Amino acid sequence: MALFGSNRDVSTFKGITRELTENIISQQCGYYKIVLGDTKKNIYGESTQKYYVGPILLTCLIERGDFSFDQTDFGPDVKRSVTFKFFMDHLIAADLYPEVGDVVMYNEIYYLVDNLNQNQLILGKDPNYSYSDGLDNFGSSYSIILTCHYASPDALGITQQRI
């Protein structure tokens with residue numbers, strides 16, 4: 001039987017995290033979710049035009065990498081990697097689960113999701129996968145971390161509409 005990490009402890013951790021991310025740090029991004037049903041693909045499983053829902057405004061922590069420029073025959077190629085860290089309760093409230101291929105907008109720059117990592121657990125326990133009796137009320141999945149790279153809005157097919 002576990003001694004720490006009960007639902008009461010988890011709610012304390014989540015309350016502190018919610019206060020920090022929403023009221024103190026206050027970094028936000030727009031999240032574009034790809035709609036696979038509307039996106040038509042060719043015989044190779046590729047698509048030239050993708051459809052997105054969004055943007056959905058989410059609070060997150062952001063680690064920005066530096067811009068780098070590679071000179072090619074067609075001019076400079078811009079590269080930048082960014083890590084977005086989302087609190088699981090914010091994603092549940094938005095009814096959103098990130099996937100590879102989605103797009104995140106921050107400071108009017110678009111980033112394509114390359115990888116997602118969901119292994120940050122409170123006290124190392126996930127109540128959905130408790131293998132012993134009585135452990136289903138201990139621990140919690142805490143966050144999802146997305147690794148993204150810079151993507152041109154023209155390549156994504158996303159255009160800013162003026163009102």
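Residue numbers start at 1 and run along the sequence shown. Heavy atoms only: backbone and side chains are in, while hydrogens, waters and symmetry mates are out. What you see is a predicted model, and the numbers here were worked out from it, not measured in a lab.
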Closest approach of [X] to [Y] (non-hydrogen atoms, all atoms of both residues):
| X | Y | value |
| --- | --- | --- |
| Leu116 | Val100 | CD2-N, 4.0 Å |
| Phe86 | Leu91 | CB-CD1, 3.8 Å |
| Arg18 | Asp89 | NH2-OD2, 2.8 Å |
| Cys148 | Asp114 | C-OD2, 3.9 Å |
| His90 | Thr21 | CE1-OG1, 3.3 Å |

Just verifying a value: how many Å separate [X] [atom1] and [Y] [atom2], rounded to the nearest 0.5 Å?
| X | Y | atom1 | atom2 | result |
| --- | --- | --- | --- | --- |
| Phe84 | Arg64 | CZ | CZ | 9.0 Å |
| Ile56 | Gln28 | CD1 | CD | 13.5 Å |
| Ile144 | Asn119 | CD1 | CG | 10.5 Å |
| Leu57 | Met105 | CG | CE | 8.5 Å |
| Leu156 | Leu112 | CG | CG | 6.0 Å |
| Ile145 | Lys85 | CD1 | NZ | 5.5 Å |

Counting distance only, does the side-chain N/O of Arg80 pair as donor-acceptor with the main-chain N or O of Gly65 below 3.5 Å?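 Yes; judged by distance alone, with no hydrogens or angles, the pair exists.
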
When you measure from the side chain of Asp102 to the backbone N and O of Ile34, does any donor-acceptor pair fall under 3.5 Å?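 Side chain of Asp102 to backbone of Ile34, a donor-acceptor pair under 3.5 Å: yes, one is there.
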
Is Val82 close to Val104 at the side-chain level, that is, under 4.5 Å between some pair of heavy atoms? no

Would a 4.5 Å heavy-atom cut-off, applied to side chains only, mark Tyr111 and Ile62 as touching?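 No; the side chains remain at least 4.5 Å from each other.
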
Taking atom CG of Asp66 as the centre, report whether more than 12 heavy atoms of other residues, nucleotides or ligands fall under 6.0 Å from it. no

Is the number of heavy atoms from other residues, nucleotides or ligands under 6.0 Å of Asp95 CG greater than 12? no

Look at the side-chain heavy atoms of Ile, Leu, Val, Met, Phe, Trp and Tyr, link any pair under 4.5 Å apart, and say whether [X] and [Y] land in one connected group.
| X | Y | result |
| --- | --- | --- |
| Ile109 | Leu146 | yes |
| Tyr106 | Phe67 | yes |
| Tyr97 | Ile92 | yes |
| Val53 | Leu96 | no |
| Val113 | Leu58 | yes |

Examine the side chains of Ser143 and Gln120 and answer whether a donor and an acceptor come within less than 3.5 Å of each other. yes

Decide side chain to side chain contact (heavy atoms under 4.5 Å, CB included) for Phe69 and Val78; before the verdict, give the C-alpha distance in whole Å, the side-chain angles of both, and the deciding distance to 0.1 Å. CA-CA 5 Å; Phe69 300 93; Val78 179; 3.5 Å; yes

Does Lys14 form a side chain to side chain contact (heavy atoms under 4.5 Å, CB included) with Met88? I'd like the steps, not just the answer. CA-CA 9 Å; Lys14 288 183 177 183; Met88 187 62 78; over 6 Å; no

Pick from Cys60, Pro98, Pro55: which one makes a side-chain contact (heavy atoms from CB on, under 4.5 Å) with Tyr31? Pro98

